[in-house]
Protein chains: 2
Amino acid sequence: MAKPTPSLTVALLQAREAAMGFFRPLLNEHGLTEQQWRVIRILKEVPDHQLESRELAEIACILRPSLTGVLVRLEKTGYVKRWKPANDQRRLCVALTEAGHRLFDTMSGDMHQQYRRIKRQLGADNYKTLMTLLEQLQRVEP
Amino acid sequence: MAKPTPSLTVALLQAREAAMGFFRPLLNEHGLTEQQWRVIRILKEVPDHQLESRELAEIACILRPSLTGVLVRLEKTGYVKRWKPANDQRRLCVALTEAGHRLFDTMSGDMHQQYRRIKRQLGADNYKTLMTLLEQLQRVEP
DNA sequence: TTGAATTCATTAACATCTTAATGTACAAAA
DNA sequence: TTTTGTACATTAAGATGTTAATGAATTCAA
């Protein structure tokens with residue numbers, strides 16, 4: 001009689017919700033959506049703070065059609081710039097602007113503080129183990 | 001100079017995306033969205049296969065305004081039924097229909113098979129550890 | 001070199017997310 | 001009892017998720 005097993009994907013979602021509870025107020029203060037912040041954050045940690053939108057979509061877990069709109073709005077608020085590289089007009093490049101860098105730096109302190117609070121509640125060892133396992137899970141494929 | 005730390009919330013998202021890759025084809029075959037399946041799945045594992053929509057929203061990580069629409073569509077396709085309990089007309093109750101139970105049972109085998117494939121790639125011990133840590137993370141709060 | 005595949009971004013249409021605002025039903029205080 | 005407060009679901013509006021379709025640029029094969 002088909003019994004449900006505790007769901008991995010639901011557990012991941014609920015855990016993420018719990019974690020996002022620490023950051024959402026800060027994002028709201030700065031008028032950013034989760035996706036906009038992911039884009040800024042990912043661009044910040046990449047060489048040249050610049051990516052092709054295809055790669056950005058993959059890393060940020062934002063589908064291409066959604067990313068189109070996210071980038072339009074982020075450009076409108078001045079945090080990123082977009083352009084098509086001359087050698088391949090199909091592609092689209094994205095980079096952080098100066099304002100984007102400043103925004104990240106402004107929010108960075110509070111972000112770190114929230115991370116410390118999560119680590120304190122979960123335990124530093126548990127936190128490290130969890131990150132390792134998540135990286136392994138990221139690499140599974142059908 | 002504000003350096004980004006590997007992001008827990010992004011890691012959770014990417015890991016979930018990897019896991020969902022195993023299930024999305026199955027959901028599509030049956031014309032279900034992720035949220036619709038979460039509702040069915042959660043109702044299945046609850047006593048009486050029935051919940052107040054408030055609790056359901058919390059467990060399924062679906063905000064109340066979204067859940068309204070999800071339930072309307074799930075009722076339209078016949079997998080759940082909704083009603084207001086006589087003693088408190090503010091609340092809304094939801095339960096699986098017969099068709100809902102049959103759908104779950106039909107999909108259950110394939111779902112379990114995908115879980116086995118994920119476990120095989122991640123390792124049974126790792127899988128168990130991960131689930132435990134996710135449950136702990138779910139309980140952190142700001 | 002021409003024409004058929006391929007690779008991108010974007011648009012379209014519908015479902016869901018997110019916050020704020022509404023409205024109704026119940027509960028508690030005056 | 002009337003008033004005030006509270007707990008719900010729902011609506012509203014803009015942003016995003018999701019799949020399929022479109023269209024432009026590039027690549028590859030004939």
Side-chain angles (χ1 to χ4, degrees), chain A residues 9-10 12-14 16-17 20-21 23-40 42 51-77 79-94, chain B residues 9-10 13-14 16-17 20-21 23-40 42 51-58 60-77 79-94:
Chain A
T9 54
V10 172
L12 285 162
L13 186 60
Q14 292 173 336
R16 183 169 190 276
E17 269 309 297
M20 283 306 303
F23 302 106
R24 234 184 283 277
L26 187 53
L27 297 184
N28 286 344
E29 277 178 29
H30 292 269
L32 293 173
T33 66
E34 286 186 30
Q35 294 80 355
Q36 292 170 350
W37 175 248
R38 284 211 296 282
V39 166
I40 291 172
I42 287 167
L51 275 176
E52 290 191 7
S53 82
R54 208 185 109 288
E55 314 170 278
L56 178 56
E58 172 114 8
I59 299 172
C61 295
I62 298 176
L63 294 178
R64 255 75 75 67
S66 302
L67 188 56
T68 296
V70 173
L71 293 180
V72 166
R73 286 177 283 270
L74 273 177
E75 188 174 58
K76 204 167 297 179
T77 53
Y79 295 132
V80 308
K81 53 194 168 197
R82 298 179 303 158
W83 71 95
K84 288 185 165 298
N87 61 333
D88 191 341
Q89 296 280 332
R90 288 172 305 183
R91 298 164 189 275
L92 179 68
C93 284
V94 191
Chain B
T9 54
V10 172
L13 187 59
Q14 291 171 336
R16 183 168 191 275
E17 269 309 298
M20 283 306 303
F23 302 108
R24 234 184 284 278
L26 188 52
L27 297 184
N28 287 342
E29 278 178 28
H30 292 271
L32 293 173
T33 66
E34 286 186 29
Q35 294 79 355
Q36 292 170 350
W37 174 248
R38 283 212 297 282
V39 166
I40 292 172
I42 288 167
L51 274 176
E52 287 190 9
S53 82
R54 209 184 108 290
E55 313 170 279
L56 178 56
E58 172 115 8
C61 295
I62 299 176
L63 295 178
R64 254 75 76 68
S66 303
L67 189 56
T68 296
V70 173
L71 293 179
V72 165
R73 286 176 283 271
L74 273 177
E75 187 174 60
K76 204 168 296 178
T77 52
Y79 295 133
V80 309
K81 54 194 167 195
R82 298 181 302 160
W83 72 95
K84 288 186 165 299
N87 59 332
D88 191 341
Q89 295 282 328
R90 288 172 305 182
R91 298 165 189 276
L92 179 69
C93 283
V94 190

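Numbered from 1 within each chain, the chains take letters A, B, ... in sequence-line order.
- Separating the CD atom of A:Glu75 from the P atom of D:dA15 is a distance of 15 Å, rounded to the nearest angstrom.
- Residues A:Gln36 and A:Gly31 share a closest heavy-atom pair of OE1-O, 3.9 Å.
- Contact annotation: the side chain of A:Glu17 never approaches that of B:Glu58 to less than 4.5 Å [non-hydrogen atoms, C-beta and beyond].
- Side-chain atoms of A:Leu26 and A:Trp37, non-hydrogen and from C-beta on, never get closer than 4.5 Å to each other.
- Mapping B:Arg24 and A:Ala86 onto DNA chain D by nearest heavy atom places B:Arg24 at the nucleotide closer to the 5' end.
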Whether each nucleotide of nucleotides 4-13 of chain C has a protein heavy atom under 4.0 Å at its base (B), only at its sugar-phosphate (S) or at neither (-) is summarised, 5' to 3', as ---BSSBBB-

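- Note: CD (B:Glu34) to C1' (D:dT19) measures 13 Å, nearest angstrom.
- Considering only heavy atoms from C-beta on, A:Leu56 comes within 4.5 Å of A:Leu71 through its side chain.
- Candidate nucleotides D:dT19, C:dT18, C:dT16 were compared by shortest atom distance to the side chain of B:Arg73, and C:dT16 ranks first.
- Distance A:His30 NE2 to C:dT18 P: 19 Å, rounded to the nearest Å.
- Between C:dC17 and B:Gln35, a contact under 4.0 Å exists linking OP1 or OP2 to a side-chain N or O.
- Rounded to whole Å, atom P of D:dT10 lies 14 Å from atom CD1 of B:Ile62.
- Atom CD in A:Gln36 sits about 13 Å away from atom P in C:dT18, given to the nearest Å.
- Per the geometry, CG belonging to B:Leu63 stands 18 Å off P belonging to D:dA12, to the nearest Å.
- Summary of the strand contacts: A:Asn87 and A:Gly69 both lie near DNA chain D, and taking for each the nucleotide with the nearest heavy atom, the more 5' one is attributed to A:Gly69.
- For the pair A:Ile59 and B:Gln14, the minimum side-chain heavy-atom distance is below 4.5 Å.
- A heavy-atom distance below 4.5 Å is not found between the side chains of B:Gln35 and B:Val39.
- A:Met20 places its CE atom 12 Å from the C1' atom of C:dT18, with the value rounded to the nearest Å.
- In this structure, A:Leu74 places its CG atom 12 Å from P of D:dA15, rounding to the nearest Å.
- The shortest side-chain heavy-atom distance between A:Leu32 and A:Thr77 does not fall under the 4.5 Å cut-off.
- Residues B:Met20 and B:Glu34 have side chains in contact (heavy-atom distance under 4.5 Å, counting atoms from C-beta outward).
- B:Val70 is not listed as a side-chain neighbour of B:Thr33, based on a closest heavy-atom distance of 4.5 Å or more.
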Tabulate atom names and distances for all N/O pairs under 3.5 angstrom spanning the protein and nucleotides 1-4 of chain D.
none

